[in-house]
Amino acid sequence: MERRRLLRFLGTAGLAAGAGCISGGGGGGQDTTETTTETPTTAETTTTRTTTATTETTAGPVDRSIADARENLRSVAERLSPSPTPTESQQSMDSFTVDDLKGRIAAAEGSLDEAADGGPDEDQRGRIERLRAIADFLGGYVDFLVVVRDATRAFKNATFQVESGVYDDATSLLESAKSNLETAREQLDAIDAKATEVGSFYDPGEDVFDGELRDLMNESAEWDTRFDVFASLVDGELGLVTALQSYSTGVSDYSSEEYGAAAEAFSTAENAASDAVEHYQQATSSSLVMNFGIDPGARACRAENVAEAATNYHQAAVAAGEGRSGDAGEARSAAEAAFEREC
């Protein structure tokens, strides 16, 4: 995958490459070491006098601004690395955390503006440009995690509504989670573009990335798998909601002796529950362990029970419609037992 190749490549470069070492230019200066040797005549004793001035590097205003920007960006990368999973992002990306991270990025951008206005030399301009690319990458990553947080919140609230039997609200929340998931996928593509820009500044002569940024960029390669798991869970939950809604409708129709309508509702419930089982099993089989507050295996079991109950109730509705009350009663009892079975 191109993203993994790129992120492995970027793992060999560094945030220090974005900042560079603090050196001369922009007001900085360095004293030199002076050695003076006097050679006497043959009649004199040979003496050597050495005068040494202390070497000292003084950072000018441009270098100081670059250093300030680098420190702010380093602190953001440190807070984001390793990047949180979807569930962790809900807990860690609260509003005050987001404000702090964006504030640090904005401060870094302000320092880079000051450095750019301070008459930087060619080397300093290169470091400023590299740090701007890193700031863009980190800013996009924060925005990305906010969307992931919102998707996770919607999903977890939806599962609560499912258990509470509030199916319309659950469906609305799941659709919101799915929409946010699609937005996050698009944002991840934009993050790739930013990573490519950072990678274009790679200089093998400079130091490697700081560990925080390297870990963050390597960790982001796992989001593809995370999204696949998340999508499977959302689709599974949507299928389960549809199955439960249709099952409830079928039970009501059956009680009203509207057996044709009941049979149709139970058929819909059976198909939706079977689809849900497949989606949950896809999430369960993932090599990446996720935690969305639910157990996909237990959820798949629940959907299987609903599918079995719907199948039996469908048979009961058909039998009742044909006047076979005995068969209808047996099938209905089997349906109710399957629906109430615990996983």
Side-chain angles (χ1 to χ4, degrees), residues 151 154-179 181-182 228-286 292-343:
F155 177 78
K156 295 190 74 174
N157 288 336
T159 60
F160 176 79
Q161 297 297 339
V162 171
E163 295 304 316
S164 301
V166 188
Y167 301 133
D168 288 340
D169 288 351
T171 299
S172 178
L173 287 166
L174 289 169
E175 292 293 349
S176 176
K178 195 167 187 175
S179 176
L181 176 58
E182 292 171 356
D228 290 340
V229 174
F230 198 177
S232 294
L233 290 176
V234 171
D235 288 338
E237 207 70 5
L238 280 168
L240 181 58
V241 169
T242 299
L244 290 170
Q245 277 185 308
S246 298
Y247 185 88
S248 178
T249 299
V251 170
S252 178
D253 289 339
Y254 189 96
S255 298
S256 301
E257 298 184 356
E258 296 178 6
Y259 300 124
E264 183 177 347
F266 288 130
S267 180
T268 298
E270 179 185 1
N271 292 333
S274 296
D275 288 343
V277 171
E278 293 183 7
H279 290 303
Y280 287 132
Q281 289 175 342
Q282 288 174 0
T284 304
S285 65
S286 171
F292 287 90
I294 67 171
D295 179 356
R299 220 61 172 177
C301 175
R302 173 64 172 148
E304 287 175 343
N305 291 344
V306 174
E308 182 181 342
T311 298
N312 285 314
Y313 235 134
H314 179 270
Q315 295 172 355
V318 172
E322 295 174 351
R324 295 183 286 112
S325 59
D327 292 341
E330 290 180 6
R332 179 178 179 179
S333 295
E336 292 172 344
F339 191 84
E340 297 297 330
R341 186 186 303 138
E342 293 186 2
C343 293

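Throughout, numbering of the chain's residues begins at 1 and tracks the sequence.
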Are [X] and [Y] close enough that some pair of their side-chain heavy atoms sits under 4.5 Å apart?
| X | Y | result |
| --- | --- | --- |
| Gln161 | Tyr167 | no |
| Glu175 | Leu238 | yes |
| Val162 | Arg302 | no |
| Asn312 | Glu336 | no |
| Lys178 | Phe155 | no |
| Glu237 | Val234 | no |

Decide yes or no on side-chain contact (heavy atoms from CB on, under 4.5 Å) for Gln282 and Asp235, but give the supporting numbers first. CA-CA 11 Å; Gln282 288 174 0; Asp235 288 338; over 6 Å; no
Backbone N/O of [Y] and side chain of [X]: donor-acceptor pair under 3.5 Å:
| X | Y | answer |
| --- | --- | --- |
| Asn305 | Arg341 | yes |
| Ser333 | Gly329 | yes |
| Thr159 | Lys156 | yes |
| Ser274 | Glu270 | yes |
| Ser176 | Ser172 | no |

Nearest atoms (heavy-atom pairs only) where [X] meets [Y]:
| X | Y | result |
| --- | --- | --- |
| Val277 | Ala300 | CG2-O, 3.7 Å |
| Ala317 | Ala262 | CB-CB, 4.2 Å |
| Ala272 | Gly239 | CB-O, 3.5 Å |
| Ala273 | Ala303 | CB-O, 3.5 Å |
| Ala328 | Ala320 | CB-N, 3.8 Å |
| Ser246 | Thr268 | OG-CG2, 3.4 Å |

Just checking, any donor-acceptor pair under 3.5 angstrom between side chains of Gln315 and Asp327?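 No, Asp327 and Gln315 have no side-chain donor paired with an acceptor closer than 3.5 Å.
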Checking Tyr280 now: which residues fulfil ring-ring contact (aromatic ring centres under 6.0 Å, His included) with it, not counting sequence neighbours?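 For Tyr280, no residue satisfies ring-ring contact (aromatic ring centres under 6.0 Å, His included) once neighbours in sequence are set aside.
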Tell me the ring-ring contact (aromatic ring centres under 6.0 Å, His included) pairs involving residues 324-343, sequence neighbours left out?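 Residue pairs with at least one partner in residues 324-343: Tyr247-Phe339.
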[X] [atom1] to [Y] [atom2] distance, which is reported to the nearest 0.5 Å:
| X | Y | atom1 | atom2 | answer |
| --- | --- | --- | --- | --- |
| Thr249 | Leu244 | OG1 | CG | 10.5 Å |
| Leu181 | Leu174 | CG | CG | 12.0 Å |
| Arg299 | Thr284 | CZ | OG1 | 12.0 Å |

Aromatic ring proximity, centroids under 6.0 angstrom, Tyr254 and Phe266: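 No: the rings miss the under 6.0 Å criterion.
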Partners meeting side chain to side chain donor-acceptor pair (under 3.5 Å) with Glu182 (sequence neighbours left out):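 With neighbours one apart ignored, the set is empty.
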